[in-house]
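Notes to accompany the following structure.
Computation of the quantities below employed the complete heavy-atom set of this structure, encompassing side-chain atoms and omitting hydrogens, waters and symmetry-equivalent molecules. None of the values given here were measured: they were computed from a predicted structure. Residue indices begin at 1 and follow the sequence shown.
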Amino acid sequence: MLSFLFYLFIFWLIFKFAGRIFGGLQGGFGGNFSGINFRQASQDEAKFLTALLAKIAKGDGRVSELEAQLISEIFDDLVAKTGVSRAELKAVFDTEKELVDEAYDVAREYKLKFRLSQQIAIARITFFLNLAYIDGEFGAGERRVIEQIARGFDISNYVLDMIIARFERFYTGSRYQNSSNLSTKSRAKDPYEVLEISRSASFSDVKKRYRELVKKYHPDILMGQGESEAVIEKSTKKLQEINEAYESIKRERNE
């Protein structure tokens, strides 16, 4: 339970100092840019965040469907809160995902330009880790990218290792609990019933429904909406069930 509370606490830091998942970006540099157009500064920071997200998402060699879904939600938030165009964010993402090895340089420039405090830097790293762990795995490539960003942010190896260890405990516990539940309950469910869609539906409709449910139940999104710990914990389990059902249908249809 401690790891889950830590997880919620860090998100509280993100929302308090950075707005709703990078929505109020002034939290990252409030007061440090008198004389610079504030809206432009927010848009510039949005592009730095997008560049780092791209490197993490591609850290394991590919951008998974779940990662793409979460990134799309982040883009929506950034566009709404800063006025930056989605096309600009996509262009940054597409360029930076091919330059994974430059994560340290981008993080360093970001920290210095926006004078990120230690609290904000840790909050950013923690959010990035959520993207890295979203598919249930944290590979060596993703870890290398996170370590580069942490160095750029002046976060010590000791602090980073503590944050990662708590993530590991949280996600390992969730996977163990989920596998136990699946053996007695979820595996007996029809995957089409879980996704609330007809067995005769086309795979494009299945994928559309899957994305709708991910948006509805994803804990990162619900945290941004201010939902309670109990709702988030319940939704996390539901999302695991949804992922299992979707993967089952993909295997069944050879997709």
Sort and list the pairs that fulfil ring-ring contact (aromatic ring centres under 6.0 Å, His included) and have at least one residue in residues 47-73, not counting sequence neighbours.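 Counting only pairs at least two positions apart or across chains, the ring-ring contact (aromatic ring centres under 6.0 Å, His included) contacts touching residues 47-73 are F48-Y110, F48-F114.
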
Who passes side-chain hydrogen bond (donor to acceptor under 3.5 Å, both in side chains) against N254, sequence neighbours left out?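 Result, side-chain hydrogen bond (donor to acceptor under 3.5 Å, both in side chains) vs N254: none returned.
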
How would you list, by chain and number, every residue that makes a side-chain hydrogen bond (donor to acceptor under 3.5 Å, both in side chains) with T95, sequence neighbours excluded?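 For T95, no residue satisfies side-chain hydrogen bond (donor to acceptor under 3.5 Å, both in side chains) once neighbours in sequence are set aside.
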
Would you find a donor on one side and an acceptor on the other, under 3.5 Å apart, between the side chain of [X] and the backbone of [Y]?
X	Y	value
Q43	T82	yes
K111	L116	yes
T50	A46	yes
E142	G139	yes
K55	E96	yes

Which atom pair, heavy atoms only, marks the closest approach of [X] to [Y]?
X	Y	result
V100	Q148	O-OE1, 4.1 Å
A103	I149	CB-CG1, 4.1 Å
L195	V206	CD1-CG1, 4.0 Å
I249	P191	CG1-CB, 3.9 Å
I56	I146	CD1-CD1, 4.0 Å
A107	L52	N-CD2, 4.0 Å

Do [X] and [Y] belong to the same hydrophobic cluster, where Ile, Leu, Val, Met, Phe, Trp and Tyr are linked whenever their side-chain heavy atoms lie under 4.5 Å apart, directly or via other members?
X	Y	answer
V106	I74	yes
L78	I71	yes
I125	V159	yes
Y104	V145	no

Just so I know, are the side chains of [X] and [Y] near enough to count as touching, which here means a heavy-atom distance under 4.5 Å?
X	Y	value
K250	F203	yes
E244	V194	no
R143	I164	yes
K58	E98	yes
L53	F127	yes
D76	R86	yes

Y192 and E252: side chain donor to acceptor below 3.5 Å: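 Result is yes, a qualifying pair exists.
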
Verify the distance criterion only: is there a donor paired with an acceptor across the side chains of S85 and E88 at less than 3.5 Å?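 There is such a pair (donor and acceptor under 3.5 Å, judged by atom type) between the side chains of S85 and E88.
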
Which residue is it: R115, K81, R124? I am looking for the one with a salt bridge (charged side-chain N to carboxylate O under 4.0 Å, His left out) to E45.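 Among R115, K81, R124, the one meeting salt bridge (charged side-chain N to carboxylate O under 4.0 Å, His left out) with E45 is R124.
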
Nearest 0.5 Å, please: how far is [atom2] in [Y] from [atom1] in [X]?
X	Y	atom1	atom2	answer
S72	K90	OG	NZ	11.0 Å
S156	R151	OG	CZ	13.0 Å
Q240	Y217	CD	OH	14.0 Å

If you apply the rule side chain to side chain contact (heavy atoms under 4.5 Å, CB included), what do you find for K113 with D44, and how did you get there? CA-CA 10 Å; K113 181 171 183 177; D44 288 346; 3.6 Å; yes

Does the side chain to side chain donor-acceptor pair (under 3.5 Å) test come out yes or no for E247 and Y210, once each step is laid out? CA-CA 10 Å; E247 290 300 322; Y210 167 71; 5.8 Å; no

Answer yes or no: does atom [atom1] of [X] have more than 12 heavy-atom neighbours from other residues, nucleotides or ligands under 6.0 Å?
X	atom1	value
K234	NZ	no
N157	CG	no
R144	CZ	no

Could you please spell out the steps behind the side chain to side chain contact (heavy atoms under 4.5 Å, CB included) verdict for Y246 and K207? CA-CA 8 Å; Y246 181 62; K207 183 183 288 189; 3.6 Å; yes

